[in-house]
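Here's the structure we're looking at; comments come further down.
None of the values given here were measured: they were computed from a predicted structure. Counting starts at 1 for both ligands and their atoms, following the listed order. What's counted below: heavy atoms across the whole structure, side chains too, no hydrogens, waters or symmetry copies.
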Amino acid sequence: MHQKLSTYLKNKYGEKIYRLSLSSGCTCPNRDGSILMPDGTPLTGGCTFCSEGGSGDFAAQVTAGSIDQQIQDAKELISKKTDARHFIAYFQSFSNTYGDISRLKELYTKVINREDIVILSLGTRPDCIDDSVLAMLKELNQIKPVWIELGLQTINEESARRFHRGYELKVFEKAYKTLKEAGITVVVHVILGLPYETKEDMLKTVKYLATLDPALDGIKLQNLQILKGTAMYQDYLNWKERARSKQDTVVAGKNSEEFYFMDMEEYTDLVAECIALLPETTVIHRMTGDGPRKLLVEPLWTLDKKRVLNTLTRKCRDLLE
Ligand code: SF4
């Protein structure tokens, strides 16, 4: 059986561990023009699905202010629901290993040394793991576990170019190897339903991750979500316009066109298929998207989170604990 993140944490710490969404103040090289397209044009818009908040899986509740203040605010939000005592310090938005290394080291050292923090989790890009970052992560990992979340989304190079990921698969492979050799826990994000991707493409990505050596520690699966204000939202509007004027032929499930949104049954079946492919040691951190309600355009069934999670629980009954 695979473990859901909540089960893994409960087994390891003997209590429920909550995530505190925090901000490191970093930006992303895919947004500040540091990455060049093959024709030499700087990438400034980020991945086309990425919202203003710079979040790979859209769940951040970033607050401003000093880190202690952020932690206090985030704990207060959680304390309305629980009396949790220990937390994951979760820096999710943007690329949290991209910036002045001494500032980052000071910030993360302060956080990881707090009694109430049991894990430091940093979302970043594989091209933001250089030697100085690695040395910092190794040092922090001696204090408490450090998790690195990499937004791979797909192994299909063509898809990655389309959504402006800004790095090739070989960059991920190098970073993965280096991080694992350094003893860091690695979690990978995958988006199911990227433009033009077929079910076979999506399963290919998951099969690739399932055969990584050393084995992948954790995975976040989510469906593509179109959020207002993103570049992909404009692509989506253009696609709808073309579909209206019948320039595109919709072939459900085949993706001969740009967008195809799985319904809930189709998506949850696919998630179960993906989980079954992964080694049982890979912890399942996420199974669905969690876009901000006010920005979400498609697919709207994801707003009924309870129904989606109940369906996933039912379909993954024999796979997940
Ligand atoms: S790498 Fe992450 S933060 Fe940067 S543009 Fe892509 S999704 Fe957004």
| said: If I take every N, O or S atom of C28, is at least one of them less than 2.8 Å from atom 8 (Fe) of ligand 1? | reply: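 C28 does not place any N, O or S atom closer than 2.8 Å to atom 8 (Fe) of ligand 1.
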
| task | Taking only heavy atoms of R125 into account, list the atoms of ligand 1 that are under 4.0 Å away from them. | result |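 Under 4.0 Å from R125, ligand 1 has these atoms: 1 (S).
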
| Are more than 12 heavy atoms from other residues, nucleotides or ligands located less than 6.0 Å from atom CZ of R103? |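 Above 12, so yes.
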
| field | Enclosure of D131 CG (heavy-atom neighbours >12, cutoff 6.0 Å) | value |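 Counting other residues, nucleotides and ligands, CG of D131 stays at 12 neighbours or fewer.
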
| query | Which residue from G46, C47, G151 reaches closest to atom 6 (Fe) of ligand 1 through any of its heavy atoms? | reply |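 Ranked by closest heavy atom to atom 6 (Fe) of ligand 1, first place is C47.
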
| said: Using the rule given for side chain to side chain contact (heavy atoms under 4.5 Å, CB included), can you reason through L152 versus R165, listing the C-alpha separation, both sets of side-chain angles and the distance that settles it, and then say yes or no? | reply: CA-CA 8 Å; L152 177 68; R165 188 176 66 190; 3.4 Å; yes

| request: For residues I155 and T205, report the shortest heavy-atom separation together with the two atoms involved. | output: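 Smallest interatomic distance, heavy atoms only, reads N-OG1, 3.0 Å.
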
